[in-house]
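In what follows, a structure is listed as structure tokens, so that the remarks can point back to it.
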Amino acid sequence: MADTKQRLVYSIIEFLNQSIEDGTVKADDKESLEVGIQCIGEAFGVDPTDPEQAAQLSVKPATLKNIFDVFIKTREKTKAPGAASPAAESSSASSSKPKAPSPAVKAEAEKLKQKGNSLMTSKKYDEAIAMYTEAIALDATNPVYFSNRAAAHASKGDHLSAIGDAEEAITIDPNFVKAYSRLGHAQYSLGDYAASLSAFERGLALEPTNANLKSGLENAKARLASESRSSTQERSPAATTPPAAAATDSARGANNLSDILGSMGGLAGAGGAGGGGMPDLATLMNNPAIMQMASQLASNGGLASLMQDPNIADMASRFQNGQMPSQDEIRNLGSRFGGSFGGAGAGGAGGGGA
């Protein structure tokens with residue numbers, strides 16, 4: 001994200017360059033100002049000729065002057081008198097409100113508004129803004145003039161100015177629903193979806209069936225939800241064990257046991273003692289395949305569950321005392337754990353096959 005100070009400096013440089021271009025600055029002062037702009041840019045690492053920086057730091061379509069104007073208007077509306085008494089505050093508030101114009105002046109203001117509306121239809125937004133401004137100068141008590149000027153500002157992409165006019169319209173008449181629509185649209189266009197949602201909700205509280213406000217509210221909700229999903233996806237999900245993991249481990253344990261018993265049965269059938277006895281412990285321990293399967297059985301948790309079987313527990317106890325299980329016991333266990341290895345082992349010895 002671009003540094004806030006750099007964005008401010010970039011906007012200041014834009015303002016100063018614009019002041020040189022539009023003649024605000026005298027020709028005699030132009031060179032000095034250009035040197036100052038260069039020094040400011042170098043001090044903050046801002047280069048207005050760099051397209052990449054322009055994309056990151058520019059606040060267009062807003063301008064520094066627009067932002068400052070909105071700040072001044074907001075401060076004037078919220079600034080309270082220093083130590084004035086309630087009576088003095090009431091008197092001050094009354095005197096600050098524009099006086100209602102005469103009917104003749106109101107009629108003239110309406111004509112200017114109509115001209116502004118016609119210019120809006122022709123997409124002559126700057127001229128329309130001028131007409132609405134003249135109408136406001138005659139009658140600043142009509143919220144429609146501010147609301148229409150907000151629409152003109154928004155149409156040319158100046159959403160900050162649109163916000164200022166929409167808020168002024170609401171200040172004049174808090175029940176003027178269209179101003180909430182103008183305000184929400186401007187805030188949405190600037191990416192302030194939470195403020196936009198609030199404006200649409202305030203308007204719907206006054207007119208619940210307003211289609212424009214409903215549509216705007218749904219759009220703001222959708223954008224906020226999209227931002228929330230994007231934020232969630234950036235965080236790595238916690239590792240979880242699938243519900244079937246325990247069952248899978250148990251089955252894997254049974255398969256490993258089946259493999260071990262199958263190997264033992266095969267060794268018994270092919271053993272050097274005539275094909276009917278069990279191999280000794282040393283032979284089993286020296287067999288890599290059996291040791292690997294036994295290790296897997298212990299590591300995947302299958303051994304603990306299998307040892308709950310009383311027959312296997314008894315066989316393990318006798319095995320520890322040096323008593324090797326018989327081949328018949330091996331075959332019985334094999335048939336219980338899904339293996340046909342008992343017959344294969346005997347068949348492999350040549351003494352049990354048909």
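The figures here come from the full heavy-atom set of this structure, side chains too, leaving out hydrogens, waters and symmetry mates.
- Annotation: Phe200 is not in aromatic contact with Tyr180 [ring centroid separation under 6.0 Å not met].
- Both Tyr193 and Leu204 sit in one connected hydrophobic cluster of ILVMFWY residues. Membership requires side-chain heavy atoms under 4.5 Å apart, directly or through other members.
- In this structure a side-chain-to-backbone donor-acceptor pair under 3.5 Å is present from Ser118 to Gln114.
- Transitive grouping of hydrophobic side chains (ILVMFWY, heavy atoms separated by less than 4.5 Å) brings Ile170 and Tyr188 into a common cluster.
- Side-chain N or O atoms of Ser226 include none that pairs as donor or acceptor with a backbone N or O of Ala222 at under 3.5 Å.
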Is there a side-chain contact (heavy atoms from CB on, under 4.5 Å) between Asn142 and Lys113 once you walk through the steps?
CA-CA 11 Å; Asn142 194 328; Lys113 184 201 76 172; 5.9 Å; no
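- A distance of 11.0 Å separates CD1 in Ile37 from OG in Ser32, rounded to the nearest 0.5 Å.
- In this structure, the side chain of Ser19 engages the main chain of Phe15 through a donor-acceptor pair within 3.5 Å.
- A donor-acceptor pair under 3.5 Å is formed between the side chain of Ser189 and the backbone N or O of His185.
- The side chain to side chain contact (heavy atoms under 4.5 Å, CB included) test with Asp165 is passed by exactly one of Tyr145, Phe146, Tyr132: Phe146.
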I'd like to know whether Phe176 forms a side-chain contact (heavy atoms from CB on, under 4.5 Å) with Val144, so could you lay out the CA-CA distance, the side-chain angles of the two residues, the decisive distance to 0.1 Å, and finally the verdict.
CA-CA 8 Å; Phe176 185 58; Val144 175; 3.8 Å; yes
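- Expressed to the nearest 0.5 Å, how far CZ of Arg7 lies from CD of Gln56 amounts to 9.5 Å.
- Under a hydrophobic-cluster definition in which Ile, Leu, Val, Met, Phe, Trp and Tyr are linked whenever side-chain heavy atoms come within less than 4.5 Å, directly or via other members, Leu112 and Leu119 are assigned to the same cluster.
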Apply side-chain contact (heavy atoms from CB on, under 4.5 Å) to the pair Ser58 and Glu14, showing each step before the final yes or no.
CA-CA 9 Å; Ser58 178; Glu14 274 192 324; 4.1 Å; yes
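- Looking only at distances, no side-chain donor or acceptor of Arg182 sits under 3.5 Å from a matching main-chain atom of Ala166.
- Contact between Gly203 and Val177 at its shortest, heavy atoms only, is O-CG1, 4.3 Å.
- Inspection of the Glu207 and Asn210 side chains reveals an N or O donor paired with an N or O acceptor under 3.5 Å.
- Under the 4.5 Å side-chain heavy-atom criterion for Ile, Leu, Val, Met, Phe, Trp and Tyr, Leu213 and Ile163 are members of the same hydrophobic cluster.
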Dump the intermediate steps for side-chain contact (heavy atoms from CB on, under 4.5 Å) on Asn117 and Thr121, then the final yes or no.
CA-CA 6 Å; Asn117 292 350; Thr121 303; 5.6 Å; no
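- Nearest heavy-atom pair, Ala152 versus Ile129, reported as atom, atom and distance to 0.1 Å: CB-CG1, 3.5 Å.
- Counting heavy atoms from C-beta on, the side chains of Asn148 and Met120 never come closer than 4.5 Å.
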